[in-house]
Amino acid sequence: MRVREMLSYLAAALPARTSATARLLALQCALRSTVAGDVTIPAGLIRGMRLPSEPSAFTELEAAGWLRSPTRPTHHAGFSVELLDTAVRMQAPTRADRARAANWILRTCQMSEIRQLGASPRLLALALAVHVPAGRAGPPASVEQQVLARMCGLQAEGLASVLNVLVSVRFLRSWTHGPAPEDLYWELAVHGEPVSDGSGLPA
């Protein structure tokens, strides 16, 4: 499963108001689930993704009817869940491919440029990285700002401030609107690990 495709799927499957933290959690759950929908998220992954220990993100996904579990995520114990979204459980890629994609996301979120940022800029950084053509830094990538905003649970008018944060920490070299104002263009400033062709595998 391409990370980009999973982000697009979750954009459609989750309520528009779903927070970036909940989307990051859903992304890991979707990529780490079995065909039966069982997912175990270890405490180390919660810490590695810098997700808060309080169960607010979990509660969002539970209230949306996307998953259920008798436990709650903590920094000490992790948690197990059952995904209720049958469509996401029936995707074709193998568990090994999904695991590689989930690990790529984890490594990207742990990059020194963005690891201290909040969930929204880290999620946007992921979305930007998987839209880079050919899986390497180079010519500007582009996407409609409404598509990008929906993937990240942001309002289109709120993208600029988060993009500026990613420029300030040198994850992005630059960004701009295209000839059509609804299009965004950007260049990554980073090299290697975070750059992906959207397959979920490191470049």
Side-chain angles (χ1 to χ4, degrees), residues 1-8 10-11 18-33 39-58 60-61 72-81 93 95-132 135-138 141 148 151-154 159 161-173 175 186-203:
M1 166 61 68
R2 287 169 172 250
V3 175
R4 183 168 64 188
E5 291 172 356
M6 186 62 80
L7 283 168
S8 296
L10 292 175
T18 303
S19 70
T21 302
R23 290 174 189 275
L24 285 171
L25 179 59
L27 193 57
Q28 286 290 344
C29 288
L31 290 170
R32 294 175 184 273
S33 71
V39 186
T40 298
I41 300 293
L45 179 61
I46 297 173
R47 292 191 296 270
M49 289 291 292
R50 303 186 70 83
L51 299 175
S53 57
E54 65 271 11
S56 57
F58 178 95
E60 282 187 67
L61 299 176
R72 294 292 184 271
T74 71
H75 281 276
H76 304 292
F79 67 103
S80 297
V81 301
R95 289 193 68 187
D97 289 338
R98 289 185 178 208
R100 283 193 291 269
N103 288 333
W104 176 84
I105 290 167
L106 176 61
R107 290 195 300 273
T108 302
C109 285
Q110 290 177 330
M111 288 187 60
S112 59
E113 291 88 346
I114 63 173
R115 63 178 299 162
Q116 300 299 329
L117 300 179
S120 288
R122 284 185 289 128
L123 180 57
L124 181 57
L126 287 174
L128 294 171
V130 296
H131 279 87
V132 173
R136 56 178 59 88
L148 194 61
M151 280 185 175
C152 299
L154 295 168
L159 280 173
S161 62
V162 187
L163 288 164
N164 287 336
V165 169
L166 294 178
V167 172
S168 71
V169 298
R170 300 182 181 179
F171 184 87
L172 295 182
R173 180 173 293 114
W175 73 272
W186 67 90
E187 292 184 77
L188 294 178
V190 295
H191 301 280
E193 193 66 45
V195 183
S196 168
D197 63 359
S199 67
L201 303 178

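The first residue of the sequence shown is numbered 1, and numbering continues consecutively from there. Only heavy atoms go into these numbers, but all of them, side chains included; no hydrogens, no water, no symmetry mates.
Atoms CD1 and CG, from I105 and L24 in turn, are 8.5 Å apart once rounded to the nearest 0.5 Å. To the nearest 0.5 Å, the span separating CZ on R23 from CG on L126 amounts to 13.0 Å. Note that the CE atom of M49 and the OG1 atom of T108 stand 9.0 Å from one another [nearest 0.5 Å]. Once rounded to the nearest 0.5 Å, the distance linking SG of C152 with CG of L7 reads 7.0 Å. Distance check, rounded to the nearest 0.5 Å: CE of M111 to CZ of R170 gives 13.0 Å. Here the straight-line distance linking atom CG of L128 with atom CD of E187 works out to 12.5 Å at 0.5 Å rounding.
Within the 4.5 Å cutoff, no side-chain heavy atoms of F79 are placed close to those of V39. At a threshold of 4.5 Å between non-hydrogen side-chain atoms, the residues S120 and L154 count as touching. Within the 4.5 Å cutoff, no side-chain heavy atoms of I41 are placed close to those of V81. A 4.5 Å side-chain heavy-atom check between E60 and L25 finds every atom pair outside the cut-off. V130 has its side chain within reach of W104: a pair of non-hydrogen atoms, C-beta onward, lies under 4.5 Å apart. Residues F171 and V165 are not in side-chain contact: their nearest non-hydrogen atoms beyond the backbone lie 4.5 Å or more apart.
Shortest non-hydrogen contact noted between R98 and S33 is NH1-OG, 3.5 Å. Taking both residues in full, the closest heavy atoms of A119 and T21 are given as CB-OG1, 3.3 Å, listed atom of the first, atom of the second, then distance. Here the closest heavy-atom approach between residue T40 and residue S80 is recorded as OG1-OG, 3.5 Å. Between L188 and R173, the shortest heavy-atom contact is O-NH1, 3.1 Å. Residues A127 and L148 come closest through the heavy atom pair CB-CD1, 3.7 Å. What you find for V3 and A101 is that their closest heavy atoms are CG2-CB, 4.0 Å.
Counting only distance, with no hydrogens or angles, the side chain of R122 and the backbone of L117 share a donor-acceptor pair below 3.5 Å. Within the 3.5 Å criterion, the main-chain N or O of C109 finds no donor-acceptor partner in the side chain of R115.
T18 pairs by the side chain to side chain donor-acceptor pair (under 3.5 Å) definition with nothing, not counting sequence neighbours.
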Residue pair R100, L31: steps toward the side chain to side chain contact (heavy atoms under 4.5 Å, CB included) verdict: CA-CA 9 Å; R100 283 193 291 269; L31 290 170; over 6 Å; no

